[in-house]
Amino acid sequence: MRVTITEIKEMKQKKEKIPMLTAYDYVTAKMVDEAGVPLILVGDTLGMVILGYESTIPVTMEEMVHHTKAVVRGAKKALIIGDMPFMTYHISVSDALHNAARFIQEGGAQAVKMEGGEVVAEKVRRLVDCGIPVMGHIGLTPQSKHQLGGFKARGKAAEEAKKLLNDACILEEAGAFAVVLECIPARLSKLITHKLAIPTIGIGAGPDCDGQVQVVSDMLGLYTDFVPRHAKQYAKLAGEIKAAVSGYISEVKSLSFPTMEHSYTMDESLIKQLEAES
Ligand code: KIV
């Protein structure tokens with residue numbers, strides 16, 4: 001049985017912390033799921049850490065649905081959330097509904113995530129009314145990087161802090177089942193977390209959120225183009241992979257790979273016959 005949004009909400013009531021990770025492919029999703037993560041986000045960070053774009057803005061619905069399908073095939077237990085890409089939910093409620101439905105129907109996800117507070121409330125309400133669970137996302141919202149002037153922490157000044165608190169309450173009232181708080185001061189996330197009945201999931205938002213999310217490629221030390229302050233590397237796989245590939249190159253060049261251990265055999269008389277005939 002897959003984890004449900006009811007179980008996620010209950011974790012907050014039971015004061016049980018909620019670990020969440022991103023995943024973008026079958027193999028990683030399978031490992032993350034088997035390790036016991038209850039929430040997997042097919043984040044639009046896909047664009048940067050897998051597809052090599054400079055930001056999340058070029059990511060399309062086709063790319064997201066394609067990768068969501070792979071994650072769903074790999075993870076059998078976790079609740080899977082599809083991240084709605086840039087401009088796939090802002091233009092109209094019907095656009096938001098149509099694109100969210102693709103994540104659920106074609107992708108096999110159980111929920112979607114949208115960036116923004118009050119500005120997306122109407123869409124959140126409609127999706128929830130139509131049976132699609134929605135996770136909110138406020139603070140540093142990377143899809144608005146041009147408007148925000150880059151990837152900077154949010155909510156340090158009074159006006160912005162008040163707006164974030166208000167946005168969080170509006171998302172809860174609109175029916176979101178949880179809300180991501182990205183790069184906001186730890187004291188502000190504590191306040192928001194206490195104010196909301198739904199779980200807050202932090203990334204660069206301090207220890208008092210109900211859960212934490214990390215980009216899997218950051219926490220495994222796979223994506224090294226840029227390491228954000230809020231990312232903790234639990235492994236350094238980029239280095240290990242490069243060392244493994246160097247080992248392979250030198251063994252191929254020195255003829256120490258492959259040996260007969262990695263080769264196939266055939267009947268000796270057959271090969272003798274072939275040699276005689278050729
Ligand atoms: O796309 C993503 O990976 C995200 C997380 C950073 C929350 O939105």
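As the structure lists them, so they are numbered: ligands from 1, and atoms in each ligand from 1. Computed from a prediction, not measured in an experiment: that's the story for all the values here. Position 1 is the first residue of the sequence, and the numbers go up from there.
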Can you tell me which residue and heavy atom of the protein come closest to [atom], and the distance to 0.1 Å?
{"atom": "atom 2 (C) of ligand 1", "value": "Thr45 OG1, 3.3 Å"}
{"atom": "atom 8 (O) of ligand 1", "value": "Lys113 NZ, 3.0 Å"}
{"atom": "atom 5 (C) of ligand 1", "value": "Leu41 CD2, 3.7 Å"}
{"atom": "atom 6 (C) of ligand 1", "value": "Ile203 CD1, 3.8 Å"}

What do you reckon, does Asp83 have a nitrogen or oxygen under 3.5 Å from a nitrogen or oxygen of ligand 1? yes
Between Glu115 and ligand 1, does any nitrogen or oxygen pair lie at a separation below 3.5 Å? no
Atoms in ligand 1 flagged as close to Gly43, the criterion being non-hydrogen separation under 4.0 Å: 1 (O), 2 (C), 3 (O)
Flag side-chain contact, heavy atom, 4.5 Å: Val120 against Tyr89: yes
Less than 3.5 Å apart, any donor N or O on the side chain of Tyr24 or Glu63 sitting next to an acceptor on the other? no
Are Arg2 and Glu7 close enough for a salt bridge, meaning some N to O gap below 4.0 Å? no
Hey, what do you get for CD (Gln105) to NE2 (His98), rounding to the nearest 0.5 Å? 10.0 Å
Is it the case that more than 12 heavy atoms not belonging to Phe151 sit under 6.0 Å from its CZ atom? yes
Quick check on Lys156: does its NZ atom have over 12 non-hydrogen neighbours (other residues, nucleotides or ligands) under 6.0 Å away? no
Below a 4.0 angstrom heavy-atom separation, can you tell me which part of His137, side chain or backbone, both or neither, approaches ligand 1? side chain
Where on Thr22 is there a heavy atom closer than 4.0 Å to ligand 1, on the side chain, on the backbone, on both, or on neither? side chain
All N/O donor-acceptor pairs, side-chain side in residues 246-253, below 3.5 Å, sequence neighbours left out:
residue, atom, partner, partner atom, Å
Ser246, OG, Lys242, O, 3.0
Ser250, OG, Ser246, O, 3.4
Ser250, OG, Gly247, O, 3.2

